[in-house]
Amino acid sequence: MLEKEYYPQQIEKKWFDVWEETKPYKADDNSDKPKYFALSMFPYPSGKLHMGHVRNYTITDVVARFKRAQGYNVLHPMGWDSFGLPAENAAIQHGANPKTWTLDNIKYMTKQLKMLGLSVDWDREVTTCLPEYYKWTQWLFLQLYKKGLAYKKTAPVNWCEHCATVLANEQVIDGKCWRCNSEVTKKNLSQWFLKITDYSEELLQDLNLLKGWGDNVKTMQENWIGKSSGAILKFKVKELDDVEIPVYTTRADTVYGVTYLVVAPEYKDIEKLTTKENFEAVQKYRENAKKMSEIERLSTERTKTGVPLGTHIINPFTGRVCPIWVADYALVDYGTGAVMAVPYHDERDFAFAKKYNLPMIQVIDGVGFKEGEPYIEKGTLVNSDQFSGLNANEARNKITEYAKENGFGDFKTQYRLRDWLISRQRYWGAPIPIVYCPHCGEVAVDEQNLPVMLPTDVDFTVKGKSPIETSPTFKETICPKCGAKATRDTDTMDTFMCSSWYYLRYADARNDKECFNRELVNKWLPVDQYIGGIEHAILHLLYSRFFTKALRDIGLLDFDEPFSNLLTQGMVLKDGSKMSKSKGNTVDPDEIYANYGADTARLFILSDSPPARDFDWTDAGVEGCYKFISRVYRLYSKYQDKINLNYNFDINNLSKKDDNFIREVHIAIKKVTHDIENEFQFNTVISRYRELTNSIYEYTKCENEINYDVLSFGLLTLLKLISPVCVFMSEEIYSQLGAKESIHALLWPKFDENLAKTSSVTLIVQVNGKIKDKLEVSQGLSNEELENLAKSAPKTAEFIEGKTIVKVIVVPNKLVNIVVK
RNA sequence: GGGCCUGUGGCGAAAUUGGUAGACGCACUAGAUUUAGGAUCUAGCGCCUUCGGUGUGAGAGUUCGAGUCUCUCCGGGCCCACCA
């Protein structure tokens, strides 16, 4: 028997226990059904679930349940992105063990996720900080290493003093650390990189394959990869025979306007290029640039600085001798680290030339040109010998070709994307499986000896070096090649390494012989629907795409892109502003579960906004959803004795009221199905639930007119339609109605197009496009009949009288527009 | 500076893709029930003065007809940004 009133806590506890026992959502590796992989971005186990998680996982769960009901073999897994700084900070701040801290959090959050009613196959759970997982992260690193895609080099890298570690380019935001927001400086260090730049072009081109991704994410990736085509031009140095300076430019057409050349402070040949007289000043400038943080460099954006080196280049086109300067507006790691300066046609060069009184030559003319102002448009060439008169684009090609023929230049495609720096001087990550031998140098750890276990005998409080350095047992080892005493690499890998392949592991999560079985990974992947936050648009999604392509080339899998469809969900706000601990406007899922139940939380978080938009959490909104569920529940409670699971009625022998009701049910099926399939518009799906519920209340108004088989059809259809969202309530009701199987195992209801049709339609009558009348007419009348009906409608007559009908537009079953003069 | 998105009642929003603008809900108002409150039910609810107009950031255009398409402008948000 159903209780009279809705008590979610009892119901949810009951089914929590049942599902824990029966594990009804296991994905089947051997099923004949078509597969569907629904994936949420896995969480960092920070301690407690927040509403962003609730929104993300509810959306994915409803998708998974919907697809299951449509007959798919669904894989809906969950895991933990569990390496990272917060665990280590907990260790530093209150002496917690990072592993214990992390696993405790996972335990707590797992329970919260289960209480949310997720249809997850928990037997495939992955936890990146456990040796069973990071063994394979290390193994994959070694495969990349063998393929030449992982390499070590000394380079100026981004250094966060606060986190005491280096950062990838993608992790520096406005010159600040992505995690702690403190200033980032440059440090010259020997670090591990992954050659993501080998895939620049493919990563860019294959964005076209991703039809199921939003343009916003694709453009962000496109901009980040930053392809540009230009030319390399080589300049000879007047004072030195053995040095030449290549520059990268997208405006080879302006080469006749070069009046000086700039190299970056870190430019490799800079000392050779500096004369004795200028040496001191140049050194000082370079020291200064080195000390400056990214922020300071950015803040000097408008006032460019530099120092002349004392040497000169010779422009191969003009023979003009121009001074070489060092200036920090030239970037060492883009292009060649040197720039040809054309002050008249580049704003930066213009500002610099103006400040230091360097000459300017106009070589482009066109509309809008003003004497004494930089002109950056692509106009027509002037003062450029045989190239004068050409337009800029043409000249660009001709000039580059000329340089190529004469051996001082070539075409060049350049990308903004840099190689991915993956070393971290931190403890809580996967150790890099490399050994340094005094005889053999850098040597890979034997694959049989993986994982390289994280040591536990470390001092977390050390400053300026990785805690792993303090382990008395970790560092010393023997060389895998020659057996001599050797030392281990004490850095760990960027946690984005762990998250770049976790979705592959779900295909074969418990395999302890291989990273994943090739057949299984090819069967389940690519992910059919990936759902997560927009903040990963570049970092995680780009790295994962790179990993997939690299592993394909290594021969571990056979597809090109990991995520066919991507949904980036909006943020969860509270009363209009972003939820944050500092503002104190967070909402605790536990409290919502306790007060309203998880079904209410699920319903509400899907209800007010479409998934991609920001969602505003309000107390009144939760209250409203709770009332709605209670209202639905009361309906079943009231009619539970009358509901027939095997309802049966003759469609041709029903009252008009029954017909109308049945039609409304079919329309609800149609719309709910359509709205889920059409970009997961759950907000309108929930409106349909409410409409159908209203229809049922309306239908039951007169007790003596109820056909209980028809009512059963309506109630059971609503129950199934609502079941992906209100998972506990629908299961409880269905079971109390005497059903033997789970409502979640039922197939999705089918709608009948004929039954969803109305016998009459509202005809809109317009005169000159303005609505004058609405008529109830029967479905399927001819255009002529409709036209006549419209003309004779009483309200239209006065507008037509005495005027000439110029034209009549008829839209069948919908509208007649009479155009008069 | 470049790119992407966005603008509809007091609020969240919907509109079958060019054909009844505001579905559904929140808030609000009135009534019923109740000792009272809550809950529940019933009705109302864009704006303007009733008839009737008018209305989707502003202005123009295309069209029989524009929230939807085109152009110009204004506002809001996000991402990238000394990339030569």
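Below, chain A is the first sequence line, B the second, and so on; all start at residue 1.
No engagement by A:Q221 is indicated, since no non-hydrogen atom pair under 4.0 Å with the nucleic acid exists.
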(request) Using a 3.5 Å limit on both pairing distances, list the dot-bracket string of RNA chain B from the 5' end; Watson-Crick and G-U wobble pairs count, crossing pairs take [ ], interstrand pairs take |. (result) (((((((..(((......[....))).(((((.......))))).(((...)))..(((((..]....))))))))))))....

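Considering only residues two or more places apart in sequence or on other chains, A:D773 meets the side-chain hydrogen bond (donor to acceptor under 3.5 Å, both in side chains) condition with none of them. For A:D349, the side-chain hydrogen bond (donor to acceptor under 3.5 Å, both in side chains) partners are A:Y329, not counting sequence neighbours. In this view, A:E201 and A:Q205, A:K227, A:Y415 satisfy the side-chain hydrogen bond (donor to acceptor under 3.5 Å, both in side chains) rule, not counting sequence neighbours. Under the side-chain hydrogen bond (donor to acceptor under 3.5 Å, both in side chains) criterion, A:E753 pairs with A:K670, not counting sequence neighbours. Residues passing the salt bridge (Lys or Arg N to Asp or Glu O under 4.0 Å) test with A:R396: none are found, sequence neighbours excluded. A search for side-chain contact (heavy atoms from CB on, under 4.5 Å) contacts involving A:S778 returns A:L781, not counting sequence neighbours.
If you take CG of A:D215 and P of B:C79, they are 18 Å apart, rounded to a whole angstrom.
Taken residue by residue, residues 780-788 of chain A places no heavy atom nearer than 4.0 Å to RNA chain B.
Annotation: salt bridge (charged side-chain N to carboxylate O under 4.0 Å, His left out) contacts involving residues 777-787 of chain A, sequence neighbours excluded, comprise A:E787-A:K791. Sorted by first and then second residue, the pairs that involve residues 680-691 of chain A and meet salt bridge (charged side-chain N to carboxylate O under 4.0 Å, His left out), not counting sequence neighbours, are A:D675-A:R688, A:R688-A:E691. Note on residues 331-343 of chain A: pairs passing salt bridge (charged side-chain N to carboxylate O under 4.0 Å, His left out), not counting sequence neighbours, are A:D333-A:R418.
Base orientation at B:G9 is syn, since its O4'-C1' glycosidic dihedral falls within 90° of 0.
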(request) Go along nucleotides 17-25 of chain B 5' to 3' and tag each nucleotide: B for a protein heavy atom under 4.0 Å from its base, S when only backbone or sugar atoms are that close, - otherwise. (result) --BBS-BSS

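A:T305 and A:Y285 are linked by a side-chain donor-acceptor pair at a separation below 3.5 angstrom, with hydrogens and angles left out of the test.
At least one side-chain nitrogen or oxygen of A:K627 sits closer than 4.0 Å to the OP1 or OP2 atom of B:A39. For B:A84, the OP1/OP2 oxygens have no side-chain nitrogen or oxygen of A:Y329 closer than 4.0 Å.
Cation-pi geometry between A:R631 and A:Y697 is met: under 6.0 angstrom from the ring centre, within 45 degrees of the axis.
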